[in-house]
Amino acid sequence: LETKSLFKKIDEANNGEIQFLKITSDDKNLISVTLSEIKIWSLPNLELKHTFWNRTINSMISFAITSDNKYLITGSYDGQIGVWSLEQRQLVYIEAKTRYFDTLASLSISNDNKLLVTGSGDGTVNLWDFNSRPSEELVKFTFEDAYQKHQDKNTENNLISY
């Protein structure tokens, strides 16, 4: 195993614990996310390009970036989705927190940037049309629903699963 030396360290990287680090698909930027801020760093010199700070969305705990590197998507403890434009360098959309009853613990976006998948702390998974705003909820289900459908299907086919 070959080790590489650290060529630059950022001491003032972020205010608070870094939740996520992601290199953009074009390898030009590093994105760091804490509970309260997002920073964009140029690569490989690690110079700070921009800081996103918005008091509307706090406690960001999930994060994704579109494959075209145009948008960052964040999920929060209080169930909000934030869409941040890298080109405009601002928050461009917030999905109302009334849609969720729990923490937005996980999210992912499809490679074609059309589908956004979110998962919350209550076990609910939602599929969204990312290009429509306000977001159109395509499918909503819980793991319990999926498990029950699986059990029902296996019962119909006289299968037993454990």
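If you take CD1 on I109 and CH2 on W128, they are separated by 13.0 Å, rounding to the nearest 0.5 Å. Here the OH-OG1 distance, from Y77 to T103, works out to 7.0 Å after rounding to the nearest 0.5 Å. The OG atom of S108 sits 11.5 Å away from the CZ atom of F63 when rounded to the nearest 0.5 Å. Expressed to the nearest 0.5 Å, how far CG of N126 lies from CG of L107 amounts to 11.5 Å. Between the CE atom in M60 and the CH2 atom in W84 there is a gap of 5.5 Å [rounded to 0.5 Å]. The structure places CD1 of I40 at 12.5 Å from NZ of K22, a figure rounded to the nearest 0.5 Å.
K70 meets the side chain to side chain contact (heavy atoms under 4.5 Å, CB included) test with T66, D68, E87; sequence neighbours excluded. Partners of S67 under the side chain to side chain contact (heavy atoms under 4.5 Å, CB included) rule, at least two apart in sequence or in another chain, are N113. Take D26 and apply the side chain to side chain donor-acceptor pair (under 3.5 Å) test, not counting sequence neighbours, and it matches T24. In this structure S25 satisfies the side chain to side chain donor-acceptor pair (under 3.5 Å) test together with N69, sequence neighbours excluded. Partners of D112 under the side chain to side chain contact (heavy atoms under 4.5 Å, CB included) rule, at least two apart in sequence or in another chain, are S110, K114. A search for side chain to side chain donor-acceptor pair (under 3.5 Å) contacts involving S42 returns N45, not counting sequence neighbours.
For I61 against A105, the heavy-atom pair with the smallest separation is CD1-CA, 3.9 Å. Residues K49 and W41 share a closest heavy-atom pair of CD-C, 4.2 Å.
Between L43 and D27 the shortest side-chain heavy-atom distance does not fall below 4.5 Å. Taking the side chain as every heavy atom from C-beta outward, Y71 and Y93 never approach each other to under 4.5 Å. Put simply, the side chain of E37 reaches to within 4.5 Å of the side chain of K39, judged on heavy atoms. The side-chain heavy atoms of S32 and F20, taken from C-beta on, include no pair separated by under 4.5 Å. Contact of the I31 side chain with the L72 side chain is registered, since non-hydrogen atoms from C-beta on lie closer than 4.5 Å. In this structure, I23 and N29 have side chains that are not in contact, with every pair of non-hydrogen atoms separated by 4.5 Å or more.
With hydrogens and angles ignored, the 3.5 Å screen pairs a side-chain donor or acceptor of T34 with a backbone N or O of S36. Panel note: side chain S62, backbone L104; a donor-acceptor pair is recorded below 3.5 Å.
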For I81 and T74, run side-chain contact (heavy atoms from CB on, under 4.5 Å): C-alpha distance rounded to whole Å, both residues' side-chain angles, the deciding distance at 0.1 Å, then the answer. CA-CA 6 Å; I81 298 173; T74 58; over 6 Å; no
Derivation and outcome, side-chain contact (heavy atoms from CB on, under 4.5 Å), residues D129 and L115: CA-CA 5 Å; D129 177 357; L115 268 181; 5.9 Å; no
side-chain contact (heavy atoms from CB on, under 4.5 Å) assessment of T51 paired with I38: CA-CA 6 Å; T51 300; I38 301 168; over 6 Å; no
